[in-house]
Amino acid sequence: MLDRFERFSFAISELSRCWRKLATDELVKYGLKGPHAIYLTTMYKYPQGITVPQLCKACGKDKSDASRMISILKKKGLVTKRVVDGSLYRGTLHLTDEGKLAAEHITIRASRAVKVAGKDLTQEERNIFYKSLDSITANLRELCKEGIPE
């Protein structure tokens, strides 16, 4: 059992480390770091704009993390927040023209990285992998809420 735990932990850790490095390498020219990638690519999918709560849900991040990242993206001139019903509180986030270029670049590069990373998998293996990953994620999320059973 310990071998499975070590293998799982190492694989998840290594995957995360490599993905962050690749994202950071791609974002360095914008003065950003890897964690900004998910925000840019998600906002890119919402050209009509997205609220902060919607962005948090879509990215799987909490409001404090999103607020920090959005603040940085605003300072870099990549994101703006538009007033809705006379209030910035319910405002929508939009990529600036420069933000759209950055997000498009990151989206293309991320897609290429995922393709290369999974190049040895058949479509059936890829489907099983993502189904398994979704299941493990859901089960771990539940464990985080309930705790590990005795």
Side-chain angles (χ1 to χ4, degrees), residues 1-82 91-148:
M1 183 63 135
L2 194 55
D3 181 50
R4 225 172 108 192
F5 167 75
E6 290 167 347
R7 191 171 169 194
F8 179 81
S9 296
F10 177 79
I12 295 296
S13 178
E14 187 67 2
L15 189 145
S16 180
R17 185 187 68 76
C18 290
W19 194 250
R20 273 195 226 104
K21 182 190 180 320
L22 290 169
T24 296
D25 289 351
E26 292 297 323
L27 287 165
V28 73
K29 68 178 166 185
Y30 303 103
L32 301 172
K33 295 186 178 178
H36 296 102
I38 190 71
Y39 291 97
L40 286 171
T41 58
T42 300
M43 284 189 274
Y44 188 65
K45 294 176 188 173
Y46 295 88
Q48 75 284 1
I50 186 170
T51 65
V52 173
Q54 290 168 330
L55 183 63
C56 291
K57 186 175 180 179
C59 293
K61 303 292 184 179
D62 62 36
K63 191 174 183 293
S64 63
D65 186 69
S67 293
R68 280 190 305 276
M69 296 297 170
I70 291 163
S71 176
I72 292 167
L73 294 172
K74 282 181 177 176
K75 287 177 186 170
K76 300 283 183 184
L78 302 173
V79 172
T80 61
K81 190 169 186 180
R82 295 186 190 158
T92 54
L93 300 168
H94 296 265
L95 293 171
T96 63
D97 288 341
E98 187 179 348
K100 288 175 190 170
L101 289 173
E104 183 176 19
H105 169 81
I106 297 307
T107 299
I108 290 167
R109 298 292 290 166
S111 179
R112 190 170 300 152
V114 168
K115 184 176 180 178
V116 172
K119 69 182 180 209
D120 300 326
L121 300 176
T122 66
Q123 187 57 48
E124 182 181 1
E125 290 170 329
R126 195 172 290 110
N127 291 341
I128 291 168
F129 169 76
Y130 283 112
K131 183 178 179 186
S132 300
L133 190 61
D134 289 345
S135 178
I136 291 168
T137 302
N139 291 336
L140 286 174
R141 200 176 284 129
E142 196 62 31
L143 280 174
C144 286
K145 288 180 194 171
E146 306 286 327
I148 300 173

Is any side-chain heavy atom of [X] closer than 4.5 Å to a side-chain heavy atom of [Y]?
X    : Y    : value
L93  : L73  : no
L143 : L140 : yes
D120 : E125 : no

If you take all heavy atoms of [X] and [Y], which pair is closest and at what distance?
X   : Y    : value
A37 : L27  : N-CD1, 3.6 Å
M69 : P35  : CE-CB, 3.6 Å
M43 : I50  : CG-CG2, 3.9 Å
L78 : A102 : CD2-CB, 4.5 Å

Checklist entry - Quick one: does R82's side chain have a donor or acceptor within less than 3.5 Å of a partner on H94's backbone? => result no

Next on the checklist: A quick test of your reading: do over 12 heavy atoms of other residues, nucleotides or ligands sit less than 6.0 Å from CD of E124?
Outcome noted: no

How long is the straight-line distance from [atom2] of [Y] back to [atom1] of [X], given to the nearest 0.5 Å?
X    : Y    : atom1 : atom2 : answer
L133 : K131 : CG    : NZ    : 13.5 Å
I70  : K63  : CD1   : NZ    : 8.5 Å
L101 : L40  : CG    : CG    : 11.5 Å
N127 : S132 : CG    : OG    : 10.5 Å
L121 : I128 : CG    : CD1   : 10.0 Å
I108 : R112 : CD1   : CZ    : 7.5 Å

Item to check | Residue pairs, two or more places apart or on separate chains, that pass side chain to side chain donor-acceptor pair (under 3.5 Å) and touch residues 29-41 | outcome: Y39-D65

Checklist entry - Tell me, which pairs form a side chain to side chain donor-acceptor pair (under 3.5 Å) where one or both residues lie in residues 47-60, sequence neighbours left out? => result T51-Q54

Review item, side-chain donor-acceptor pairs of residues 12-26, under 3.5 Å, at least two apart:
unit_1: E14; atom_1: OE1; unit_2: R17; atom_2: NE; d: 3.3
unit_1: E14; atom_1: OE2; unit_2: R17; atom_2: NH2; d: 2.8
unit_1: S16; atom_1: OG; unit_2: R20; atom_2: NH2; d: 2.7
unit_1: K21; atom_1: NZ; unit_2: D25; atom_2: OD2; d: 2.7
unit_1: T24; atom_1: OG1; unit_2: R20; atom_2: O; d: 2.9
unit_1: T24; atom_1: OG1; unit_2: G34; atom_2: N; d: 2.8
unit_1: E26; atom_1: OE1; unit_2: H105; atom_2: NE2; d: 3.0
unit_1: E26; atom_1: OE1; unit_2: R109; atom_2: NE; d: 3.1
unit_1: E26; atom_1: OE2; unit_2: R109; atom_2: NE; d: 3.2
unit_1: E26; atom_1: OE2; unit_2: R109; atom_2: NH2; d: 2.9

